[in-house]
2 protein chains.
Amino acid sequence: MLPFCDALDKLRTAGLRPTRQRLSLTQILFGQGNRHITAEELHAEAQAAKADVSLATVYNTLNQFTEAGLLREVAIEGDRSYFDTNTSNHFHYYLESEGRLLDIEGDDIQVIGLPQAPDGTEIDRIDVIVRLRGGNAGKRPETT
Amino acid sequence: MLPFCDALDKLRTAGLRPTRQRLSLTQILFGQGNRHITAEELHAEAQAAKADVSLATVYNTLNQFTEAGLLREVAIEGDRSYFDTNTSNHFHYYLESEGRLLDIEGDDIQVIGLPQAPDGTEIDRIDVIVRLRGGNAGKRPETT
DNA sequence: TTACATGCAAACTGTTTGCAAATAT
DNA sequence: ATATTTGCAAACAGTTTGCATGTAA
């Protein structure tokens, strides 16, 4: 759990009012390394932590954080959205059997041979998702 | 528009009963090169082609086709699903401004430096989406 | 004639929104 | 005091499903 003051700083820096709800969510989100979390999951964790935050507020907060650059949204399956606390350039494993996202460690991974971007466009970012089948990988940490 | 008999063959080969609806959708889907289409779009095209197919059937058919290996589903944004008539290994541009998918041409693009897949897993497939910002790329073909 | 496919409308899921009450500045 | 944020419930979009009807084999 992120120290309260760090959460406060984070919000202030992002230009977001440090409300009770945002502070709680910030502490949960950024308190334990890189995480990939859905709105429902975050809501559940907030409840478990006795931080009373409505689901709507969780959604709004995740969107605000994303807009503020604190989070990055990762689209995997059509149904739910994952929010990644790691906003730097990096790619993902997706464990199909568990519906879980994992950072790909190591920075030697890269995409090569990209042709020119069409017309007047420029590359915003490159999403790479390595879909893993089978196994029950990742020592099943209770949260991620 | 794919010739009727080709559509018939395609369905038979896939082990799907060649119903009127499936035949129409097959003709629309596979009649003009590689396409990236949503259920709503396909439904609209079917209507325009006087092929009366309910939206539910369009959804069911797209799923059946995907399961049968005739289509590939591409997850982009959380909201809608795209179905790709190109089931071979290839990557995509995503035009953020238009919400449109484009194949990346050229087969020299590749992902290198991948670490070992965790545990007992194996790579199912690798999705690469190059997100393009701005411009109004792609000569705006009326369909794709 | 029998198993499978379709259409409709209702159900469902994840997400967003309108508005009154609560809160940060 | 004022603008922002919250919570709730209702709205919403995309998708799936149950069931009676229709159709391919």
Side-chain angles (χ1 to χ4, degrees), chain A residues 4-5 7-26 28 36-47 50-68 70-71 73-83 99 101, chain B residues 4-5 7-28 36-47 49-68 70-71 73-83 99 101:
Chain A
F4 180 85
C5 291
L8 229 181
D9 279 0
K10 218 173 190 9
L11 289 175
R12 289 240 165 87
T13 304
L16 294 165
R17 280 194 189 176
T19 65
R20 180 177 60 72
Q21 294 84 337
R22 282 178 183 159
L23 283 164
S24 298
L25 297 179
T26 302
I28 294 172
H36 308 88
I37 202 171
T38 65
E40 295 275 5
E41 286 165 2
L42 180 54
H43 185 232
E45 284 195 36
Q47 307 236 273
K50 308 281 185 234
D52 227 315
V53 183
S54 79
L55 183 56
T57 296
V58 169
Y59 274 106
N60 292 335
T61 303
L62 285 171
N63 288 334
Q64 290 153 180
F65 281 17
T66 301
E67 209 163 336
L70 265 36
L71 293 174
E73 195 168 354
V74 184
I76 305 288
E77 303 287 29
D79 47 355
R80 81 191 65 219
S81 287
Y82 290 78
F83 293 85
L101 264 183
Chain B
F4 180 86
C5 292
L8 229 180
D9 279 0
K10 218 172 191 8
L11 289 175
R12 289 240 166 87
T13 303
L16 295 166
R17 278 194 191 176
T19 64
R20 178 177 62 72
Q21 293 84 338
R22 284 178 183 161
L23 282 164
S24 298
L25 297 179
T26 301
Q27 291 187 269
I28 294 172
H36 308 89
I37 201 170
T38 64
E40 294 276 3
E41 285 165 2
L42 180 54
H43 186 232
E45 284 196 36
Q47 308 235 273
K50 309 281 186 234
D52 227 316
V53 183
S54 78
L55 183 57
T57 296
V58 169
Y59 274 106
N60 292 333
T61 303
L62 285 172
N63 288 332
Q64 290 153 179
F65 282 17
T66 301
E67 209 163 337
L70 264 38
L71 293 173
E73 195 167 356
V74 185
I76 306 288
E77 303 287 28
D79 48 353
R80 81 192 65 220
S81 287
Y82 290 78
F83 293 86
L101 263 184

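Chain identifiers are assigned alphabetically (A, B, ...) following the order of the sequence lines, protein sequences preceding nucleic acid strands; residue numbering begins at 1 within each chain.
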If you take all heavy atoms of B/Ile28 and B/Ala49, which pair is closest and at what distance? CD1-CB, 4.4 Å
If I take atom [atom1] in residue [X] and atom [atom2] in nucleotide [N], what distance separates them, rounded to the nearest angstrom?
{"X": "A/Leu62", "N": "C/dG14", "atom1": "CG", "atom2": "P", "answer": "15 Å"}
{"X": "A/Glu41", "N": "C/dT15", "atom1": "CD", "atom2": "C1'", "answer": "16 Å"}
{"X": "B/Asp52", "N": "C/dA5", "atom1": "CG", "atom2": "C1'", "answer": "15 Å"}
{"X": "A/Arg22", "N": "D/dT4", "atom1": "CZ", "atom2": "P", "answer": "11 Å"}
{"X": "A/Leu23", "N": "D/dT5", "atom1": "CG", "atom2": "P", "answer": "13 Å"}

Within a 6.0 Å radius of atom CD on B/Gln47, are there more than 12 heavy atoms belonging to other residues, nucleotides or ligands? yes
Roughly how far apart are [X] [atom1] and [Y] [atom2], rounded to 0.5 Å?
{"X": "B/Leu71", "Y": "B/Phe83", "atom1": "CG", "atom2": "CZ", "value": "7.0 Å"}
{"X": "A/Leu16", "Y": "A/Arg22", "atom1": "CG", "atom2": "CZ", "value": "5.0 Å"}
{"X": "A/Thr57", "Y": "A/Leu25", "atom1": "OG1", "atom2": "CG", "value": "8.5 Å"}

C/dT23, OP1 or OP2 - any side-chain N/O from A/Gln21 closer than 4.0 Å? no
So, does A/Ser54 get its side chain near the phosphate of D/dG7, meaning an N or O under 4.0 Å from OP1 or OP2? yes
Between A/His43 and A/Ser54 (side chain of the first, backbone of the second, donor and acceptor by atom type, cut-off under 3.5 Å), is there such a pair? no
Between protein and nucleotides 10-25 of chain D, map the contacts as a letter string: B base, S sugar-phosphate only, - none, heavy atoms under 4.0 Å, written 5' to 3'. ----SBBB------BS
